[in-house]
Amino acid sequence: RAAVMQGPAVVAFVPAHLADLDPPVFTNQRLRRFAAAYRPCGPAFTLMNAGRALGCAGLVIEADEGRAWGFFSEVLRRRPLLLHRRVKRALPALIAHYGLRSVTAEAQVGFTAARRWLERLGFIEEEVLSRFAGTTEDYARYRLWVR
């Protein structure tokens with residue numbers, strides 16, 4: 001019998017999914033720090049296909065504010081419509097479920113595709129953060145206000 005191909009599925013995020021992304025996101029030490037800081041703070045999901053993580057994303061919830069984070073494989077970056085449709089459906093549901101007033105997200109200033117995508121999702125650029133979060137890079141901070 002021929003195997004039935006399954007499409008991508010959304011599953012609960014576990015830190016090991018980040019180690020499975022291609023290209024790798026973190027060293028093992030940074031992966032442990034990230035997981036300890038972000039995993040217990042809000043909902044997080046992984047898009048899986050054929051047993052491999054395509055991308056991981058979530059929200060850190062602080063009172064009525066959400067901070068979005070996400071890491072995406074090269075395979076998923078080549079399928080932007082798949083990613084956009086999933087997030088476009090999930091984000092309003094998460095906002096309503098957690099009663100959020102706004103959601104923020106950051107993107108590297110030079111990562112034009114990420115910045116355009118945030119704008120397509122309805123985020124508005126607020127500021128540029130120099131050497132964001134201890135890096136040597138500048139990031140743009142975006143906010144999605146809930147109406």
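The figures here come from the full heavy-atom set of this structure, side chains too, leaving out hydrogens, waters and symmetry mates. None of these values were measured; they are calculated from a predicted model.
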So if you build clusters from Ile, Leu, Val, Met, Phe, Trp, Tyr with side-chain heavy-atom gaps below 4.5 Å, do V103 and I61 land together?
yes

Which is it for R67 and T104 under the side chain to side chain donor-acceptor pair (under 3.5 Å) test, yes or no, and what are the steps along the way?
CA-CA 5 Å; R67 282 188 297 133; T104 59; 5.5 Å; no

Before giving the answer on side-chain contact (heavy atoms from CB on, under 4.5 Å), spell out for L100 and L59 the whole-Å C-alpha distance, their side-chain angles and the decisive distance to 0.1 Å.
CA-CA 11 Å; L100 302 178; L59 292 174; 4.1 Å; yes

Nearest heavy-atom contact between D64 and G99 is CB-O, 3.6 Å

Whether S102 side chain and W145 backbone form a donor-acceptor pair below 3.5 Å:
no

Please work out which of the three classes, parallel, tilted or perpendicular, describes the rings of F13 and H17, given edges at 30° and 60°.
perpendicular

With the 4.5 Å side-chain cut-off for hydrophobic clustering, are I95 and V10 part of the same group?
yes

Does one hydrophobic cluster hold both V75 and M48, with members joined at side-chain heavy-atom distances below 4.5 Å?
no

Using side-chain hydrogen bond (donor to acceptor under 3.5 Å, both in side chains) as the criterion, list what pairs up with R115, not counting sequence neighbours.
E125, Y142

After noting the C-alpha distance and the side-chain angles of W69 and V60, does the key distance pass the side-chain contact (heavy atoms from CB on, under 4.5 Å) rule?
CA-CA 8 Å; W69 61 267; V60 174; 4.1 Å; yes

Just verifying a value: how many Å separate S73 OG and L18 CG, rounded to the nearest 0.5 Å?
11.5 Å

What's the spacing between E137 CD and E106 CD if we round to 0.5 Å?
13.0 Å

Side-chain ion pair, R79 and E74, N-O less than 4.0 Å:
no

R86 atom CZ: more than 12 heavy-atom contacts under 6.0 Å
yes

Stepwise side-chain contact (heavy atoms from CB on, under 4.5 Å) test for L47 and L76:
CA-CA 9 Å; L47 185 62; L76 189 54; 3.9 Å; yes

Using the side-chain contact (heavy atoms from CB on, under 4.5 Å) rule, take F72 and L21 through it: C-alpha gap first, then chi angles, then the decisive distance, then the call.
CA-CA 7 Å; F72 310 117; L21 292 178; over 6 Å; no

Closest approach of C56 and T46, non-hydrogen atoms and distance?
SG-OG1, 3.6 Å

Salt-bridge present (R141, E126; N to O < 4.0 Å)
no

Atom of L121, atom of H84 and distance for their closest heavy-atom approach:
CD2-CE1, 3.6 Å

Heavy-atom side-chain contact between V87 and F45 under 4.5 Å
no

Please report the shortest heavy-atom distance between L118 and A107, naming the atom on each side.
CD1-CB, 4.0 Å

By the salt bridge (Lys or Arg N to Asp or Glu O under 4.0 Å) test, which pairs, at least two apart or in different chains, include something from residues 13-27?
D20-R52

Could you tell me whether R101 and E65 have a side-chain N and a carboxylate O separated by less than 4.0 Å?
yes

